[in-house]
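Structure first, then comments.
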Amino acid sequence: MRTHSRSGRHPALLTLLALPALLLAACGTGPTPTGEGTAGSSAAGTTATAGTTESGTRVLPYVDASLAPSPLPAMADASGVTDAVLGFVLAGAGGCTPTWGGTQPVTAPAVVAAARDLTDRGGAVAVATGGATGTYLESTCPDAASLARAYGEALDAVGSTELVVDVEADVPVATVVEALRTVQDERHATVTLTLKVDDAERGLTPLAVELVRAADQAGVDARVDAMIMNFPYTGPWADAMTGATDTVLGQLGEVWSGSDEAAVAARTGAVFMLGRTDLGAVTTLDDATAVVRAARGRGLGTVGFWSVGRDNGGCPDRPTASFDCSGIAQSPFAFTLAARDAAAASPEEGPR
């Protein structure tokens, strides 16, 4: 996923997409373009908010924290969804220094104010590092201790206890895992790994599986969000995204072999990309509804999308993905509303 850039995803995410991002091709009926995966993320362990449905599936959309003004207050006004993932924290010019998008300090007043707006409404914010483009903290900080400190600075800046590490590029696995264990043990923070998928049949990339396995072996109680976006597919796009989710659940069941299916699903989330995606697929509102309903039906802990700042119809029929609009005709926050309603509806009743 990307922040400000010519593409639809966060720059930090796109570089990593060279690991995650999100969703659909022509309502699943037209030609089937190819694509890669981007991420969304979700962390567990918070109190219930407007983003948590009765089933326990939490709606946790991503937002480009560098957007000004932030779309988060308007999203909450329109939908009642008060949880979000702020992305992306990258290394600043000074090296192992956390910044929003590599440029703004993590204490940037506009970002802090937007986060506080949600928490004042009873919601919660998670902090995401990495993404599709930019310089990762994980590759810049010299050791696990300094990386853990950088994670802590970013969390403290917005008063969060939820860390999301969106991996779309090679990272030093041992260093990242050790830093995550430190953050978990010393801060009692929840940890989510947002990871790329190869396609619906292969699921998580080999690097992603390696990271999940290493975290598990080190005692990191991490959640995993699958970036069900930007990957090659055939058939309807919604089916491809749901198929990728099912494959990921099978992979995680093998890694977390001591857990039953329900426990594995509860630790798993799915993140899609709304509207026009980076690789040509178009995620429609119907696609999004189908994916979220499937996530709830499978007992997933979270479902998210990239991104709130794109959840508007400001650029209908634009041929390429944009960071600030969906590229399709829609009303403001239509995807947020669709995700909220689909997560709350039973599989039989459909969205409310």
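Positions are given from 1, in the same order as the sequence printed here. This structure is a prediction, so every number in the text was calculated from the model and none was measured.
For the residue pair T289/D286, the side-chain donor-acceptor check at 3.5 Å is not satisfied. Between the side chains of T336 and D311, a donor-acceptor pair is found at a separation under 3.5 Å. When only modelled atom types and interatomic distance are considered, T182 and E186 share no side-chain donor-acceptor pair under 3.5 Å.
The backbone N or O of T268 lies less than 3.5 Å from a partner atom in the side chain of R223, making a donor-acceptor pair. A donor-acceptor pair under 3.5 Å is absent between the side-chain atoms of R298 and the main chain of D246, judged by distance alone. A donor-acceptor contact shorter than 3.5 Å links the side chain of T245 to the backbone of M241. Under the 3.5 Å distance criterion, the side-chain polar atoms of T242 are left unmatched by any main-chain donor or acceptor of D239.
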Taking it one step at a time, do D77 and R121 satisfy salt bridge (Lys or Arg N to Asp or Glu O under 4.0 Å)? CA-CA 10 Å; D77 288 342; R121 301 176 193 237; 2.8 Å; yes

Output, in order, the C-alpha distance, side-chain angles, deciding distance and verdict of salt bridge (Lys or Arg N to Asp or Glu O under 4.0 Å) for R181 and D221. CA-CA 8 Å; R181 180 62 190 263; D221 187 24; over 6 Å; no

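Counting non-hydrogen atoms of other residues, nucleotides and ligands closer than 6.0 Å to CG of D120 gives a total above 12.
For the residue pair L274 and S307, the shortest heavy atom distance occurs at CD2-O, 3.5 Å. The two residues F335 and G275 come nearest to each other via the heavy atoms CZ-N, 3.8 Å.
With respect to the salt-bridge test (charged N to carboxylate O, under 4.0 angstrom), the residues D64 and R310 do not qualify. Of the charged side-chain nitrogens involved, none lies within less than 4.0 Å of a carboxylate oxygen, so that R293 and D341 do not count as a salt-bridged pair. Using a 4.0 Å cut-off between a side-chain N of Lys or Arg and a carboxylate O of Asp or Glu, E162 and R58 qualify as a salt bridge. Salt bridge status for D199 with R202: present, with a side-chain N to carboxylate O gap under 4.0 Å.
Two residues are said to be in side-chain contact when any heavy atoms from C-beta on lie closer than 4.5 Å; L193 and L180 meet this criterion. Two residues are said to be in side-chain contact when any heavy atoms from C-beta on lie closer than 4.5 Å; V197 and T247 fail this criterion. The shortest distance between side-chain heavy atoms of L163 and T129 falls below 4.5 Å.
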